[in-house]
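The chain is numbered in sequence order, starting from 1.
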Amino acid sequence: MGALVDDDGVDDGVVSQSRPSPSTATGGDMRRRTALWWLLGVAVCVIALDVATKALAVAHLDPMKPVEIFGDVVTLRLVRNSGAAFSMASGYTWVLTVVALVVVVGIVRYSSRLRSAWWILGLGLVLGGALGNLADRIFRSPGPLRGHVVDFVSVGWWPVFNVADSAVVCGAVLLVVLSLLGFEYDGSRSGWAARHATETADGKDGDA
């Protein structure tokens with residue numbers, strides 16, 4: 001912002017206010033909507049896969065008869081989990097339900113600030129996983145907000161898990177890696193990512 005100055009060089013004391021042009025505002029809205037749609041698209045894919053695999057597990061797996069895939073290292077084992085991912089915090093189902101709701105609302109509200117495709121992917125995975133397990137807690141027995149999550153994949157000593165758990169963990173790991181490397185949610189770069197981009201640009205300029 002700055003003062004408007006007449007042709008005679010005298011400051012007339014009127015302060016101009018910069019306003020975004022209609023085209024700029026429209027472009028910003030388009031980017032926000034695009035980010036939100038991509039985020040929801042990733043989440044829907046995770047939810048669809050999670051719901052389908054849980055339905056198959058409930059229909060075809062006997063809790064007392066695990067199915068061996070790779071010996072006893074990888075098995076399909078039907079478990080009803082009242083806790084969080086990987087059977088942690090059992091007995092706190094309603095607390096975990098509230099936490100999941102807060103996470104979902106936070107991610108959706110945060111989506112309008114996203115400009116990085118990798119951040120959209122990571123948050124989409126977390127959102128889809130959270131909603132997948134949240135659906136179990138709301139709709140499955142023993143009742144709303146107390147429902148037990150269906151887990152069915154067992155790998156070695158690792159606790160039994162499902163597709164939603166995997167999505168949450170993979171998404172969270174991706175977000176941590178992006179943060180450590182300096183790839184920011186708004187598309188900007190800092191730390192290693194910024195230095196790497198500068199070195200790459202300098203290398204191209206040198207070759208030219």
Side-chain angles (χ1 to χ4, degrees), residues 35-108 110-111 114 116-178:
L36 178 59
W37 281 117
W38 275 108
L39 179 74
L40 295 178
V42 174
V44 167
C45 290
V46 172
I47 294 169
L49 183 59
D50 183 60
V51 170
T53 52
K54 285 175 178 175
L56 290 172
V58 171
H60 299 289
L61 293 180
D62 185 337
M64 304 305 295
K65 298 179 180 179
V67 177
E68 295 184 352
I69 304 300
F70 295 105
D72 58 354
V73 177
V74 180
T75 61
L76 299 180
R77 185 189 310 271
L78 184 61
V79 174
R80 304 283 183 163
N81 174 23
S82 63
F86 307 113
S87 301
M88 295 184 292
S90 297
Y92 293 89
T93 308
W94 71 270
V95 176
L96 297 170
T97 302
V98 173
V99 171
L101 286 170
V102 172
V103 170
V104 168
V105 172
I107 291 177
V108 172
Y110 189 72
S111 65
L114 294 175
S116 165
W118 287 109
W119 271 83
I120 290 173
L121 175 60
L123 286 175
L125 290 172
V126 174
L127 178 62
L131 286 173
N133 283 337
L134 181 60
D136 280 11
R137 301 189 192 285
I138 293 176
F139 298 111
R140 293 189 186 274
S141 61
L145 304 184
R146 298 179 294 112
H148 292 179
V149 174
V150 173
D151 292 333
F152 58 92
V153 181
S154 177
V155 179
W157 53 269
W158 201 259
V160 185
F161 60 95
N162 57 39
V163 171
D165 295 335
S166 301
V168 170
V169 172
C170 291
V173 170
L174 176 58
L175 296 179
V176 170
V177 171
L178 291 173

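- Side-chain contact between Leu127 and Leu40: present, with at least one pair of heavy atoms (C-beta onward) separated by less than 4.5 Å.
- Atom CG of Leu175 sits about 11.0 Å away from atom SG of Cys170, to the nearest 0.5 Å.
- With sequence neighbours excluded, the residues that form a side-chain contact (heavy atoms from CB on, under 4.5 Å) with Ile120 are Ala35, Trp38, Leu39, Leu114.
- Nearest approach of Ala130 to Val104, heavy atoms of both residues: CB-CG2, 4.1 Å.
- Leu131 contributes atom CG, which lies 8.0 Å from atom CD1 of Ile107 (distance to the nearest 0.5 angstrom).
- Side-chain atoms of Ser141 and His148, non-hydrogen and from C-beta on, never get closer than 4.5 Å to each other.
- A distance-only check finds a donor-acceptor pair linking the side chain of Ser166 to the backbone of Asn162 [under 3.5 Å].
- With sequence neighbours left out, Pro63 forms a side-chain contact (heavy atoms from CB on, under 4.5 Å) with Leu78.
- The nearest pair of heavy atoms linking Ala164 to Gly129 is CB-O, 3.4 Å.
- Every residue two or more places apart in sequence or in another chain that forms a side-chain contact (heavy atoms from CB on, under 4.5 Å) with Val177 is listed here: Val173, Leu181.
- Considering every non-hydrogen atom in both Leu36 and Ser111, the closest pair reads CD1-OG, 3.4 Å.
- Listed by first and then second residue, the salt bridge (Lys or Arg N to Asp or Glu O under 4.0 Å) pairs involving residues 68-80 amount to none (not counting sequence neighbours).
- Residues satisfying the side-chain contact (heavy atoms from CB on, under 4.5 Å) criterion with Val51, sequence neighbours excluded, are Ile47.
- Here Phe152 contributes atom CZ and Leu56 contributes atom CG; the two are 8.0 Å apart, rounded to the nearest 0.5 Å.
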Practice prompt. Using the side chain to side chain contact (heavy atoms under 4.5 Å, CB included) rule, take Leu121 and Leu174 through it: C-alpha gap first, then chi angles, then the decisive distance, then the call.
Written response: CA-CA 9 Å; Leu121 175 60; Leu174 176 58; 4.0 Å; yes
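- One finds the CZ atom of Arg140 at 10.0 Å from the CG atom of Asn133 (value rounded to the nearest 0.5 Å).
- Evaluation of the salt bridge (Lys or Arg N to Asp or Glu O under 4.0 Å) test over residues 42-62, restricted to residues two or more places apart or in two chains, returns Asp50-Lys54, Lys54-Asp136.
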Worksheet item: Can you list the steps and then say if Thr75 with Val67 is a side chain to side chain contact (heavy atoms under 4.5 Å, CB included)?
Response: CA-CA 5 Å; Thr75 61; Val67 177; over 6 Å; no
